[in-house]
J.: 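Quick one: the structure is below, questions incoming.
These numbers come from the heavy atoms of this one structure, side chains and all, not from hydrogens, waters or symmetry mates. In what follows, chains carry the letters A, B, and so on, assigned in the order in which the sequence lines appear, proteins first and then strands, with residues in each chain numbered from 1.
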Protein chains: 2
Amino acid sequence: MVKAVGKRYGQVDQGVPAHVRLASALRDTIASGELLPGDLLPGDAALMDATGLARGTVRQAVATLRAEGLVQTRQGARTSVLQRPRLQPFSELLSFTAWARQQGANPGARMVELVRRSVDPAVAHELRIGDNDLVWTMVRVRLLDGVPVMVEHAAYPERIGALLVDADLEAGSVYAALAEHGIEVASGHHRISAIAAEAADAELLRARPGTPLLRQERTVFASDGTPIEHSDDRWRGDSIVLDAVNSVQGSQLARRAPD
Amino acid sequence: MVKAVGKRYGQVDQGVPAHVRLASALRDTIASGELLPGDLLPGDAALMDATGLARGTVRQAVATLRAEGLVQTRQGARTSVLQRPRLQPFSELLSFTAWARQQGANPGARMVELVRRSVDPAVAHELRIGDNDLVWTMVRVRLLDGVPVMVEHAAYPERIGALLVDADLEAGSVYAALAEHGIEVASGHHRISAIAAEAADAELLRARPGTPLLRQERTVFASDGTPIEHSDDRWRGDSIVLDAVNSVQGSQLARRAPD
DNA sequence: CAGTGGTCTAGACCACGTG
DNA sequence: ACGTGGTCTAGACCACTGA
């Protein structure tokens with residue numbers, strides 16, 4: 001029974017686990033600038049005192065911040081702040097709509113095509129379906145405040161695509177449409193590279209052929225591990241930057257040679 | 001004292017923590033193909049049985065795999081495999097030398113310049129030094145099996161650069177040289193974007209001006225949180241891909257608008 | 001409803017770092 | 001030498017999944 005939690009960290013008691021509340025409180029302390037990069041976080045003992053929580057719970061909260069790259073821990077030394085928090089990285093990385101809104105910009109889309117066709121073998125492999133299966137493929141131009149910034153070439157397994165045919169994909173997000181059918185996005189894999197704009201992409205982006213584009217190939221998985229989508233997004237090079245943090249204590253970014 | 005560990009997971013007992021050994025054993029099981037994406041991991045209880053470890057320790061091992069994006073957990077449901085492991089992402093992302101070796105390629109470098117000069121204000125901010133301080137700046141062309149693939153523009157605080165002057169930076173890694181002076185790399189922040197090759201970069205890379213490049217701006221921190229290096233690396237677009245995995249349960253990759 | 005993972009406690013010993 | 005974070009145990013209750 002989690003009762004009154006300390007004066008300093010985490011006041012309200014909802015259904016939220018104590019370690020999540022403490023992590024949020026610490027994250028806020030860093031975000032507010034009260035603790036700057038290089039400063040020291042309170043130690044486990046101090047946090048136990050302040051919150052009344054057991055050490056394991058306190059450590060779980062700190063582990064969350066460490067995984068987010070906000071703090072750094074070393075055995076024997078005090079935990080120190082590495083950087084101010086930036087984004088909620090998950091949904092912003094997957095959903096153009098969520099990302100744009102988070103930027104304070106107005107997301108839009110222009111549908112170019114949405115058709116059912118036989119699947120490309122490479123895409124079939126990513127979606128873990130048969131080489132002779134059908135997929136829905138979609139081409140959309142994504143707009144930021146009305147300006148085209150990205151061309152999206154997406155492929156969906158038949159079962160998923162069928163749910164999208166009736167959705168208004170110029171207004172809303174694919175993921176929002178799928179969520180209405182109870183399909184939640186749980187994880188994504190990404191491959192990022194730089195390429196020159198081909199003629200077709202250039203025309204859709206109102207850029208010259210050969211313009212540098214940031215290419216993001218993406219496979220998105222549902223909660224049950226099933227592939228939902230494979231997409232090849234091509235961003236105008238001047239419209240996007242990817243941020244990554246990595247440390248000895250964990251990172252999701254890896255670099256490798258192209259296939 | 002961790003004594004005999006179960007028949008199945010983790011045999012040898014060195015100074016390695018039990019949860020790390022169990023995580024490795026599970027990772028190997030996935031890597032070997034014995035467990036494929038979609039398959040179920042043994043439950044906590046089964047792993048406790050097999051290893052003789054307490055539940056907390058078992059859970060720590062599984063948490064490691066989850067943070068690596070290898071497995072997915074949901075309350076109430078069995079833990080399932082998401083993907084096969086790929087790389088050790090940490091050192092490969094920071095060190096060209098380590099990355100190249102890991103690829104089975106032969107890394108090289110051609111030093112263009114290493115000079116001490118006054119610092120650019122933007123770089124001063126990244127390195128957390130004064131606007132009037134001096135830095136060492138280095139330009140190197142990085143080679144993969146003798147072929148130029150990247151131009152590196154790096155800046156080091158005076159104290160760090162002084163350690164590099166006498167090192168052979170055409171043969172070895174900067175980080176290897178720093179490690180010899182007791183300076184260990186602990187974390188890095190990265191900004192990734194796509195740009196067109198400028199004339200100078202193009203010449204060094206033996207490419208045409210305007211060729212798409214993947215740009216990786218990087219700030220590297222030592223164990224004590226001190227910035228060691230700020231670098232602007234420009235890769236031939238056809239020579240590099242970045243891999244990322246993210247899930248609701250943690251990710252280090254975030255997307256944002258350019259400054 | 002049985003089994004799973006998620007959370008939490010209260011204690012203990014250890015390796016490491018810093019004064 | 002002391003305090004720090006890292007590891008580990010043994011037990012408990014809960015929320016949720018899935019048959």
J.: Can you tell me the distance, in whole Å, between the CG atom of B/L47 and the C1' atom of D/dT9?
T.: 17 Å

J.: Residues in salt bridge (Lys or Arg N to Asp or Glu O under 4.0 Å) with B/R116, at least two apart?
T.: B/E158

J.: OP1, OP2 of D/dG5 versus side-chain N and O of A/T79: anything below 4.0 Å?
T.: yes

J.: Under the side chain to side chain donor-acceptor pair (under 3.5 Å) rule, collect the residues that match up with A/R55, sequence neighbours excluded.
T.: A/D44

J.: By ring pair (Phe, Tyr, Trp, His ring centres under 6.0 Å), which residues pair with A/Y175, not counting sequence neighbours?
T.: none

J.: Roughly, in whole Å, what's the span from CD in A/Q60 to P in D/dG5?
T.: 17 Å

J.: Report yes if some heavy atom in the side chain of B/R128 is under 4.5 Å from a heavy atom in the side chain of A/P37; otherwise report no.
T.: yes

J.: Any idea which of D/dG5, D/dG6, C/dT7 is nearest the A/R66 side chain?
T.: D/dG6

J.: Whole angstrom is fine here: how far is it from CG in A/D49 over to C1' in D/dG3?
T.: 14 Å

J.: Just how far, in rounded Å, is P of D/dC14 from NE2 of A/H19?
T.: 17 Å

J.: Is there any salt bridge (Lys or Arg N to Asp or Glu O under 4.0 Å) pair reaching into residues 171-181 of chain B, and which pairs are they, with sequence neighbours excluded?
T.: none

J.: Of A/G56 and B/R55, whose closest DNA chain C nucleotide lies nearer the 5' terminus?
T.: B/R55

J.: Among C/dG6, D/dT7, C/dC8, which is the nearest nucleotide to the side chain of B/P17?
T.: D/dT7

J.: Ignoring the backbone of A/T57, work out which of D/dC13, C/dA12, C/dT9 is nearest its side chain.
T.: C/dT9

J.: Does the side chain of A/R59 get closer than 4.0 angstrom to OP1 or OP2 of D/dG6 through an N or O atom?
T.: yes

J.: Could you pull out the protein-nucleic contacts involving nucleotides 17-19 of chain C (nitrogen or oxygen on both sides, under 3.5 Å)?
T.:
| unit_1 | atom_1 | unit_2 | atom_2 | d |
| --- | --- | --- | --- | --- |
| C/dT18 | OP1 | A/R74 | NH2 | 3.3 |

J.: Whole-Å distance between D/dT9 P and B/D44 CG?
T.: 13 Å

J.: Scan the side chains in residues 130-138 of chain A for donor-acceptor partners under 3.5 Å anywhere in the protein, sequence neighbours excluded, and list what turns up.
T.:
| unit_1 | atom_1 | unit_2 | atom_2 | d |
| --- | --- | --- | --- | --- |
| A/D133 | OD2 | A/G130 | N | 3.2 |
| A/T137 | OG1 | A/R117 | NH1 | 2.9 |

